[in-house]
Amino acid sequence: MDESGVSRYTYGVIRLRFLAVVLAFVLPVFGCFPASANEPLWVGSDTAKVRAEALLKALRGAADHGLEPAWYRVGEVEKALAPGADPAATETLLTAAFLAYASDVSTGRVHANHVDKDIDIQQRKVAPADLLKAATTATDFPAYLATLPPKGDYPALQKALAAWRDKRDKAAFTPLPDGVALKPGMIDPRVPLLRKRLAELDLVVPDLAAGALADLYDEPLAAVVKSYQETKGLTVDGVIGAKTTLSLNTTIDERIEQIVANLERRRWLPEDLGKRYVLVNAGDYSMVFVDAGKLAFQSLVIVGTPKDPTPEIQSVMRGFQTNPYWTVPQSISGEEYLPMLRRDPNALAAAGFKIFENWNDDTELDPNTVDWSEIHPKAFPYRIRQEPGASNALGYIFFPFPNRYGIYMHDTASRWLFTEGSRNFSHGCIRLQNPLDFAEKVFGGRGGFSKERVREVIDAGQQAHYTFPDPVTLYVTYRTVTAGSDGAAIFRDDIYGRDRRVVREMSKPRS
């Protein structure tokens, strides 16, 4: 065989091996592959060389996205692109690295719904065949790679990640010991450590007054603590209790992990949330309503406790109801109300609750006829329902939406809880501060909606259903880090521990 024949043979082998790689990745799921897959992507031409160099640069910079270059075998890729490497092996390796990286950086490294039982979202997806097709047809491959990550606040989170990694090598860390709640006016040996820790967090700590005791927790120092508590969603009282101590003792590495988790979480969601949607952030107790692409309403919310966390979901809201009943979930009946009934069978009646014999009809039960000590908390057989009224747990309005957790958005009888910084008090539902104002914005003057008339319906104790003119997409997320365009990060504490689970899942080998 002459030299040109050898060259054609070798190149033919490369094409066949590359096809096998593409088929192995694509056919099991999609049964197809790009029409141009018979041409190598990474070797054999100047265009392929540009692609390979751009891919290597992207893999080396994976850490900028909170991803690890080692996950994409970057060291092996470097060797495969060196002179003398086997072209077929290079094609195989770089194709695998490209598909893994492109998928991770555009839609997330992990399957979101496998991270936590309280995550049930419609995660963005990308087909390997589409990635390969885009790679082969892109006229500017480096620019194409740059389009893969999300936009929006994602670049700002990347800047925050870089800034906090830079801090890791420079910042000091002075842990604050646990102890009794430290209140303004107290004298405590932890006070000097508190001053030092606050200064390490770039807060301006006032100097001690002349002749003042170093161990005195004075009001100027408490004002700094209050400012810190406000930025972290803590109760703003200046008291150094367990939650504030835990927050102050969060390490730089833990804050970096939070940013990594929030970059990943942003990759899960659609690039465009739509023109009309509600976004609830359980991470910072907030809610916004966007209509026609513009902010139309925003509110504080109350979300679930660490024991009963608000899930991350996507759904659709179609309307609301006035003066709702609250049917108590069986878990709450057994855990919270059964002990009360054991102490006093009539304990629930004063709060407007009725007990029914079953879940099929409204045959009411006399609580005095039941031996509550014989009822097992995990097998509570009766249905408890709270009647509409001022003390109803759902308040006067509730907004249902389909989800497998049985949660909804609603009014609340405990409005004073909105004054708290850490608003995680519910059993997972979302309590809205001004629900009627929200409804008014959703209707936007259409359908003859009148907030005043709805108030009249409420005051009359009537149950009425109202349908929105257009459905509203609902996103409930858990963003514990937000960042400005300059990369300055605002952290909320990871009260659900969900950020840590995301990072842990990300580090596992791909299945």
Side-chain angles (χ1 to χ4, degrees), residues 156-157 159-259 262 283-286 300 306 416-425 479-495 497 499-500:
L157 286 172
K159 288 182 181 179
L161 179 61
W164 278 78
R165 281 174 170 164
D166 186 56
K167 284 184 180 184
R168 178 167 52 192
D169 300 326
K170 302 174 183 177
F173 177 79
T174 302
L176 190 66
D178 292 328
V180 298
L182 180 57
K183 300 178 182 179
M186 291 176 62
I187 295 175
D188 193 289
R190 289 173 291 171
V191 173
L193 298 175
L194 173 62
R195 286 181 172 277
K196 191 174 181 181
R197 182 67 190 128
L198 292 171
E200 291 169 355
L201 292 169
D202 298 325
L203 296 169
V204 179
V205 179
D207 294 331
L208 277 171
L213 294 173
D215 289 353
L216 174 63
Y217 184 27
D218 57 21
E219 286 297 336
L221 185 58
V224 179
V225 170
K226 290 178 182 178
S227 176
Y228 173 84
Q229 290 172 325
E230 186 172 13
T231 66
K232 296 297 178 290
L234 298 165
T235 299
V236 183
D237 56 8
V239 177
I240 309 296
K243 289 184 178 179
T244 300
T245 299
L246 183 64
S247 180
L248 288 167
N249 284 341
T250 302
T251 66
I252 288 181
D253 282 338
E254 289 170 328
R255 292 301 187 198
I256 289 172
E257 284 193 349
Q258 277 190 264
I259 301 173
N262 280 267
D284 70 357
Y285 319 111
S286 71
L300 305 177
W416 62 272
L417 290 175
F418 286 105
T419 63
E420 295 290 322
S422 224
R423 294 184 296 278
N424 52 314
F425 304 110
R479 298 288 299 276
T480 58
V481 185
T482 56
S485 58
D486 60 352
I490 298 175
F491 292 91
R492 298 296 191 182
D493 293 324
D494 182 17
I495 60 169
D499 287 344
R500 293 191 293 274

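What you see below is based on every heavy atom in this structure, not just the backbone, and it leaves out hydrogens, waters and symmetry mates.
Inter-residue side-chain proximity for Thr480 and Asp493 is flagged as unmet; no heavy-atom pair is nearer than 4.5 Å. Looking at heavy atoms from C-beta onward, Val180 lies in side-chain contact with Arg190 at the 4.5 angstrom threshold. For the pair Val225 and Leu198, the minimum side-chain heavy-atom distance is below 4.5 Å. With a 4.5 Å cut-off on side-chain heavy atoms, Leu248 and Leu194 count as touching. Side-chain atoms of Arg255 and Thr250, non-hydrogen and from C-beta on, do get closer than 4.5 Å to each other.
In this structure, the side chain of Asp494 engages the main chain of Asp499 through a donor-acceptor pair within 3.5 Å. In this structure a side-chain-to-backbone donor-acceptor pair under 3.5 Å is missing from Asp215 to Ile187. Side chain of Gln258 to backbone of Val481: no donor-acceptor contact under 3.5 angstrom is found. Of the possible polar contacts, none joining the Glu219 side chain to the Pro184 backbone as a donor-acceptor pair under 3.5 Å is found. Glu254 places no side-chain N or O within 3.5 Å of a backbone atom of Arg500 that could act as its donor or acceptor partner. Listed for the Glu200 side chain is a donor-acceptor partner under 3.5 Å among the backbone atoms of Thr174.
The number of heavy-atom neighbours closer than 6.0 Å to CD1 of Ile490, taken from other residues, nucleotides and ligands shown, is 12 or below. Atom CG of Asp169 has more than 12 heavy atoms from other residues, nucleotides or ligands within 6.0 Å.
Lys232 has no carboxylate O lying under 4.0 Å from a charged side-chain N of Asp284, or vice versa, which leaves the two without a salt bridge. The pair Lys183-Asp188 does not meet the salt-bridge criterion, since no charged nitrogen lies less than 4.0 angstrom from a carboxylate oxygen. Taking 4.0 Å as the cut-off between side-chain N and carboxylate O, Asp253 and Arg168 count as a salt-bridged pair.
Note that OG1 of Thr482 and CG of Asn262 are 8.5 Å apart. Values are rounded to the nearest 0.5 Å. In this structure, CG in Asp166 is found 10.0 Å from CD1 in Ile252, a value given to the nearest 0.5 Å. With values rounded to the nearest 0.5 angstrom, Ile256 atom CD1 is found 10.0 Å from Lys167 atom NZ. One distance of note links CG of Asp178 with CD1 of Ile240; it measures 12.0 Å at 0.5 Å rounding. We find the CG-CZ distance between Leu208 and Arg195 to be 4.0 Å, quoted to the nearest 0.5 Å.
Contact record, Ala181 with Val239: CB-CG1, 3.9 Å, taken as the closest heavy-atom pair. The shortest non-hydrogen separation linking Ala222 to Tyr217 is CA-OH, 3.5 Å. Considering every non-hydrogen atom in both Pro306 and Asn424, the closest pair reads CD-ND2, 3.2 Å. Looking at every heavy atom in both residues, Gln229 comes nearest to Val236 through OE1-CA, 3.5 Å. Taking every heavy atom of both residues into account, Leu221 and Pro206 meet most closely at N-CG, 4.2 Å.
Considering Leu234, Thr231, Leu176 in turn, Leu234 is the only one that fulfils the side chain to side chain contact (heavy atoms under 4.5 Å, CB included) rule with Ser247.
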